[in-house]
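Encoded as structure tokens, the structure appears first; notes follow it.
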Amino acid sequence: MLQQTRVAAVVPYYERWMARFPTVRALGAAREDEVLGAWEGLGYYARARNLHRAARAVVDRFGGSIPDHFEELRELPGIGPYTAAAVCSIAFGRDFAVVDGNVRRVLARLTALASDPRRSPQAGALEALAHALLPPGTASLHNQAMMELGADLCTPRAPCCAACAFQAVCRAAASRRPEAYPVRASRKALPHYDVALGVVFDEGRVLIDRRPYNGLLGGLWEFPGGKVEAGETPEEALHRELREELGLRVEPFGTLPPVRHAYSHFRVTLHPYLCRFLSMEPRACSGQAREWRWTEVGGLDEYPMPRANRKVLEMIAVGGALGEGL
């Protein structure tokens, strides 16, 4: 959960997660929708799916006990070098250095690294430095101390150099511009996409479909729709996307205000249409048909959904738009 999410945001999710899935076996036995629902709001949902798959692998291959060897951990879904090193060192006391964003910032400032530390060969050099600084036999304490140093003192802005034990040997502190490190490559402007979606009603039920597992927000349920292409109006894109994905024909009877949402690498504006169901012929769709389901409006809370779709659902409920097209 701490990968790509701040501690303050993680704590309530972690507490609810552990109450719901107190053991590896409990997590492995849970339904995927239950797991994604518990994760909803944290984003990067591949993390939740990998955690679920890893729990099942631990039960099947290791009898429910987390392996304590780096190589065995790396074989589990979603476990890369960083996570394997963190588990080995913090949970089992093995001598592996952990280099997360906080540690990378500390090391880049210690050396006044003049280029982006996330790129080769600088990333490899910082990994080697982290291992060289690791005191044998104290990896758990050392790694946690380095991460806390970066989180609490050596912060991205206004680092507290006066309270840092490394001040005397830190090149960035000596430069009197510690906040200038680490150096970052210039960021490109985030792309923006317009997306048309249909809230399709039929006999008191609403239609949702599941996003492909191999893409963004994979496995989550949403109102069907897709990107507006060049030269299209949002309503034209709505009809095209519903036809291509589900072989679906609808009659729009109203619209909701646009919903703007930001992801890490792009931004979207959703254009929601309230629609009456006319017909569906999944075999007629031009692409691979997606998994879909009709459900009672009140039952949508049981399905894990992207936050942007939740905003649409909240508008429907508050605006009382449901009864108009049923």
Side-chain angles (χ1 to χ4, degrees), residues 1-18 20-21 24-62 66-67 70-88 91 98-102 104 118 123 190-191 193 195 197 208-227 245 261-268 270 287-288 290-293 302-311:
M1 288 183 178
L2 289 173
Q3 293 175 0
Q4 300 167 300
T5 308
R6 295 179 301 104
V7 173
V10 161
V11 170
Y13 281 92
Y14 172 79
E15 292 174 345
R16 290 194 296 269
W17 182 278
M18 294 307 298
R20 194 166 186 175
F21 311 117
V24 174
R25 290 185 182 277
L27 177 58
R31 293 180 298 104
E32 183 177 85
D33 278 352
E34 185 181 4
V35 173
L36 292 174
W39 196 273
E40 188 177 314
L42 281 174
Y44 298 97
Y45 290 89
R47 296 181 295 172
R49 295 196 304 275
N50 283 331
L51 187 57
H52 190 210
R53 291 167 55 212
R56 290 181 170 177
V58 167
V59 172
D60 294 341
R61 295 171 51 192
F62 301 103
I66 304 291
F70 185 89
E71 294 76 13
E72 292 178 335
L73 284 165
R74 287 284 282 113
E75 294 174 1
L76 297 174
I79 303 267
Y82 162 76
T83 303
V87 173
C88 279
V98 173
V99 182
D100 70 349
N102 287 315
R104 189 179 297 112
R118 299 169 298 179
L190 294 179
Y193 303 106
V195 175
L197 61 83
I208 54 175
D209 68 344
R210 192 193 289 270
R211 293 184 62 86
Y213 283 96
N214 59 352
L216 177 72
L217 307 173
L220 298 191
W221 294 86
E222 65 179 3
F223 301 115
K227 293 179 184 177
E245 291 183 0
H261 194 74
Y263 294 94
S264 58
H265 301 302
F266 64 94
R267 303 179 188 279
V268 297
L270 303 185
Q288 183 178 0
R290 286 163 59 160
E291 183 181 354
W292 52 273
R293 190 168 297 178
E302 299 176 11
Y303 294 88
M305 301 180 78
R307 177 58 187 149
N309 274 244
R310 287 282 180 214
K311 292 178 181 178

Is there a side-chain contact (heavy atoms from CB on, under 4.5 Å) between W221 and N309 once you walk through the steps? CA-CA 9 Å; W221 294 86; N309 274 244; over 6 Å; no

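Put simply, the side chain of R211 never gets that close to the backbone of P306: no donor and acceptor are under 3.5 Å apart. Judged by distance alone, the side chain of H52 and the main-chain N or O of A30 form a donor-acceptor pair under 3.5 Å. Proximity of a side-chain donor or acceptor of E32 to a complementary backbone N or O of R49 within less than 3.5 Å is not detected. The main-chain N or O of G219 is found under 3.5 Å from a side-chain atom of R210 such that the two form a donor-acceptor pair. A donor-acceptor pair under 3.5 Å is absent between the side-chain atoms of Y44 and the main chain of M1, judged by distance alone. Not a single donor-acceptor pair under 3.5 Å links the side chain of R118 to the backbone N or O of A123.
In this structure, Y213 OH and L220 CG are separated by 9.5 Å, a value rounded to the nearest 0.5 Å. Atom CD in E40 sits 10.5 Å away from atom CG in D33 (nearest 0.5 Å). Within the model, atoms CZ of F266 and CG of L216 stand 4.5 Å from one another, a figure rounded to the nearest 0.5 Å. Between the CG atom in L36 and the CG atom in L42 there is a gap of 11.5 Å [rounded to 0.5 Å]. Here I66 contributes atom CD1 and L76 contributes atom CG; the two are 7.5 Å apart, rounded to the nearest 0.5 Å.
Between E222 and M305, the closest heavy-atom pair is CA-CE, 4.1 Å. Contact detail for Y82 and V98: the closest heavy-atom pair is CE1-CG1, 3.1 Å. Annotation for A84 and L73: closest pair O-CD1, 3.8 Å, computed over non-hydrogen atoms. Of all non-hydrogen atoms in E245 and G225, the two that sit nearest each other are OE2-O, 3.0 Å. Considering all non-hydrogen atoms of both residues, R56 and G28 come closest at NE-O, 2.8 Å. Across every non-hydrogen atom of Y13 and A38, the tightest pair is CD2-O, 3.8 Å.
For the pair E72 and R61, the salt-bridge criterion is not met [side-chain N within less than 4.0 Å of a carboxylate O].
Between Y263 and H265, the distance from one ring center to the other does not fall under 6.0 angstrom.
F62 has its side chain out of reach of V24: every pair of non-hydrogen atoms, C-beta onward, lies at least 4.5 Å apart. Within the 4.5 Å cutoff, the side chain of L270 has no heavy atoms near those of the F223 side chain.
A donor-acceptor pair shorter than 3.5 Å cannot be found between the side chains of R47 and N50.
Remark: R16 is not positioned above the aromatic ring of Y14, lacking an NZ or CZ atom under 6.0 angstrom from the ring centre and at most 45 degrees off the axis.
For the side-chain hydrogen bond (donor to acceptor under 3.5 Å, both in side chains) test, residues two or more places apart in sequence or in another chain that qualify with N102 are R105.
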